[in-house]
Amino acid sequence: MNRRMKWMIAAALGLAVAAGGTAYAMQDAAAQLRATGQVGEQADGYLGIVGGGSGVLRSQMEAINIQRRAAYTQLAAQRNATIEEVAAATACQLFATRVGPGQYYRLPDGVWRRRNGNEPVPRPSHCG
């Protein structure tokens, strides 16, 4: 992982802590959606629908993604980085810490995978 990516991950975590209750509420909502097995984490830092999903599920996912984008935008402005860089750096952390056993994740190749037991989730190549 290059130095800039490590710095971006640390900054993304700092933003989550600074955001307080909003960040935790967003994490809880994302965790609930991941637990359904119909939503998973993606290498771009956003949630995605695994297979088909109801309109309600899609709306809930999109609401979280809008909140994530707002947080990424704020951090990018503070750190003179692009939104995509911040989102990708956050994805590295999400893959390492938030995808639980039985939950889904998608690497840049576009294939949804399910985490098996306590095996670590492979991280996107940009994580280093």
Side-chain angles (χ1 to χ4, degrees):
M1 180 182 319
N2 68 34
R3 189 175 177 162
R4 181 170 170 85
M5 187 63 72
K6 287 180 184 177
W7 178 81
M8 296 294 287
I9 291 171
L13 292 174
L15 178 65
V17 171
T22 302
Y24 291 115
M26 185 172 39
Q27 288 175 10
D28 287 347
Q32 289 173 359
L33 288 180
R34 284 192 307 270
T36 69
Q38 297 177 310
V39 173
E41 292 292 347
Q42 302 180 118
D44 64 359
Y46 297 95
L47 294 171
I49 299 285
V50 179
S54 70
V56 171
L57 182 71
R58 188 170 297 281
S59 293
Q60 291 170 335
M61 181 202 69
E62 288 173 357
I64 292 168
N65 283 342
I66 289 168
Q67 291 175 350
R68 284 185 177 185
R69 180 143 180 111
Y72 299 159
T73 300
Q74 178 183 355
L75 184 58
Q78 292 172 353
R79 304 295 186 199
N80 196 27
T82 68
I83 295 166
E84 292 76 19
E85 287 173 325
V86 173
T90 302
C92 297
Q93 189 64 27
L94 291 169
F95 273 50
T97 63
R98 299 286 185 224
V99 178
Q103 294 181 350
Y104 287 89
Y105 61 95
R106 182 161 55 182
L107 295 170
D109 65 7
V111 177
W112 284 108
R113 294 171 176 84
R114 190 172 188 182
R115 181 176 178 192
N116 295 320
N118 288 323
E119 291 180 16
V121 175
R123 292 176 27 180
S125 60
H126 63 259
C127 298

Quick check: closest heavy atoms across [X] and [Y], and the distance to 0.1 Å?
X: Pro108; Y: Pro124; result: CD-CB, 4.2 Å
X: Arg68; Y: Gly45; result: NH1-O, 3.1 Å
X: Phe95; Y: Ala43; result: CZ-N, 3.7 Å
X: Leu94; Y: Glu41; result: CD1-OE1, 3.5 Å
X: Gln42; Y: Leu47; result: NE2-O, 3.2 Å
X: Thr36; Y: Leu33; result: OG1-O, 2.6 Å

In terms of hydrophobic clustering (I, L, V, M, F, W, Y; side-chain heavy atoms under 4.5 Å; direct or indirect links), are [X] and [Y] co-clustered?
X: Leu57; Y: Val50; value: no
X: Tyr104; Y: Val121; value: no
X: Ile49; Y: Val99; value: no

Worked verdict on Ile64 versus Gln60 for side chain to side chain contact (heavy atoms under 4.5 Å, CB included): CA-CA 7 Å; Ile64 292 168; Gln60 291 170 335; 5.6 Å; no
Please check this pair: side chain of Arg114 against backbone of Gly102, looking for a donor-acceptor N/O pair closer than 3.5 Å.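 Yes: the side chain of Arg114 pairs with the backbone of Gly102.
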Any side-chain to backbone donor/acceptor pair from Arg34 onto Arg98? Under 3.5 Å, distance only.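 Yes, because the side chain of Arg34 sits within donor-acceptor range (under 3.5 Å) of the backbone of Arg98.
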Out of curiosity, Asp44 CG to Thr90 OG1, how far, rounded to the nearest 0.5 Å?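 Those atoms lie 11.0 Å apart.
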With distance as the sole criterion, is a donor-acceptor pair present between the side chains of Gln103 and Arg115 under 3.5 Å?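 There is no such pair (donor and acceptor under 3.5 Å, judged by atom type) between the side chains of Gln103 and Arg115.
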If you count the non-hydrogen atoms of other residues, nucleotides and ligands that lie under 6.0 Å from CZ in Arg69, is the total more than 12?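 At most 12 heavy atoms, drawn from other residues, nucleotides or ligands, come within 6.0 Å of this atom.
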